[in-house]
J.: 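This is the structure, below, for whatever I ask next.
Below, each value reflects all heavy atoms present in this structure, side chains not excepted, and no hydrogens, waters or symmetry copies. A, B, ... follow the sequence lines: proteins, then strands. Residue 1 opens every chain.
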Number of protein chains: 2
Amino acid sequence: MSDASVANTLRRPRAARKTSSAAAQPMAVDPGSVSIDTTYLESLLGYNARRAALAVIGVFLQRMAPYGLRPVDFSVLTLIAHNPGITSRQICAALDILPPNLVGMIKALDKRGLIERRTHPTDRRAQGLHLSPEGKKLQKSAQGTATKLESDVASRLSADELDTLKSLLRRVYLP
Amino acid sequence: MSDASVANTLRRPRAARKTSSAAAQPMAVDPGSVSIDTTYLESLLGYNARRAALAVIGVFLQRMAPYGLRPVDFSVLTLIAHNPGITSRQICAALDILPPNLVGMIKALDKRGLIERRTHPTDRRAQGLHLSPEGKKLQKSAQGTATKLESDVASRLSADELDTLKSLLRRVYLP
DNA sequence: TATTGTTATACTCTATAACTATA
DNA sequence: TATAGTTATAGAGTATAACAATA
């Protein structure tokens, strides 16, 4: 497994903070809006990938807030939905989450009644994770939201371009 | 300004931890390596962008370690290099760092003798940031490393494909 | 002996409030 | 009154060590 965690939320949307961008003083002397040369950084793949990821995640956070799901929660629920009986360790491996950090998430999802922890059929140390009926409904709705989100966040890209983008990204990180 | 921070390091490279992937037991029963369906997550732009960003950043962290620079430090040094006299607030705006969180970084770079804080020519509240001779040397080397890193981390992409990828990413997050 | 899930805990990153000095 | 830099601190995310139960 690579060092690519898909777990964290990176950052919650901040309450609007006072930036130094000139909004009310269109022509005032505003050192904070003097054009800064960022062209080199914008030539780097890592910089662009990170900015784009954060842009998408920002929208994701907003639209998933009604479900009470962070990206990592959505990822966990989705993995369970598509892999009934999956274990915590398997989720950790797939999302590169460290086991101690998953415990609280699983516990919270269980407490919300979204998942069930059943005894594993062949390994009594492990637990097979399943979605509850409510969890299934929530995950289905959230997945629909996540899918719709795609076209909105990449509204400046055609469907083909979006596919190309995702394909190129996969070729960067997949083995 | 969007909610896209280019500041944090996401994660330091971990010491090799014992994953559950089967390496020494090719055909053993290993629940951790049972194929898990992640196809849906891999169809999402945010997931792919984040995984790719983390893959690039992972290599970035390794290669920048000799310079003692995290991604955010490199970004700050690079902004100062390309914008001599830039202020802290301008760096904060460009990288979406919160001012209190930049203080320590600037202080550390100053203590290392990589940057100089001069009195701002027109605003006595502010400081114009400049690279020291040592800072210039380090930044130049680091920038060369960052540039070379591109082709290595995206070795499966042609030069044209890499350009296409970065262009598509910019169209996702740039206004 | 090794692995699953877990607790405890430390460290890093990010966020908010409030202060000073200057504008 | 608003802004630049700063301090202090709270909160979220990520890391390691170690444990009981089971393989």
J.: For each nucleotide in nucleotides 18-23 of chain C, reading 5' to 3', give B when a protein heavy atom comes within less than 4.0 Å of its base, S when such contact involves only the sugar-phosphate, and - otherwise.
T.: ---BBS
J.: Expressed as a whole number of angstroms, how long is the span from A:L98:CG to C:dA10:P?
T.: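 It is 17 Å, rounded to the nearest whole Å.
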J.: Phosphate oxygens OP1/OP2 of C:dC13: is one of them under 4.0 Å from a side-chain N or O of B:R70?
T.: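 Checking B:R70 against C:dC13: at least one side-chain N or O falls below 4.0 Å of OP1 or OP2.
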J.: Would you find a donor on one side and an acceptor on the other, under 3.5 Å apart, between the side chain of A:S158 and the backbone of A:E161?
T.: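 The answer is yes, because a donor-acceptor pair under 3.5 Å joins these two groups.
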J.: Measuring to OP1 and OP2 of D:dA4, would you say a side-chain N or O of B:Q90 lies under 4.0 angstrom away?
T.: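 Checking D:dA4 against B:Q90, no side-chain N or O comes under 4.0 Å of OP1 or OP2.
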J.: Do any side-chain nitrogens or oxygens of B:R89 fall under 4.0 Å of OP1 or OP2 in D:dA2?
T.: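 Result: no.
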J.: I'd like to know if the side chain of A:R171 and the backbone of B:A154 have a donor-acceptor N/O pair within less than 3.5 Å.
T.: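 A pair under 3.5 Å: no.
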J.: Sorted by first residue and then second, give each salt bridge (charged side-chain N to carboxylate O under 4.0 Å, His left out) pair with at least one member in residues 128-144 of chain B; sequence neighbours left out.
T.: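 For residues 128-144 of chain B: none.
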J.: Donor-acceptor check, side chain of A:Y67 to backbone of A:Q139, threshold 3.5 angstrom: yes or no?
T.: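 Checking the backbone N and O of A:Q139 against the side chain of A:Y67, no donor-acceptor pair under 3.5 Å is found.
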J.: Check whether B:N83 reaches the backbone of B:L79 with its side chain - one donor and one acceptor, N or O, closer than 3.5 Å.
T.: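 Pair found, side chain donor or acceptor close to backbone of B:L79.
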J.: Using salt bridge (charged side-chain N to carboxylate O under 4.0 Å, His left out) as the criterion, list what pairs up with B:D37, not counting sequence neighbours.
T.: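 Salt bridge (charged side-chain N to carboxylate O under 4.0 Å, His left out) check on B:D37 returns nothing, list empty.
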J.: Looking only at side-chain atoms of B:A126, point me to the closest of D:dG5, C:dG5, D:dT14.
T.: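 The closest nucleotide is D:dG5.
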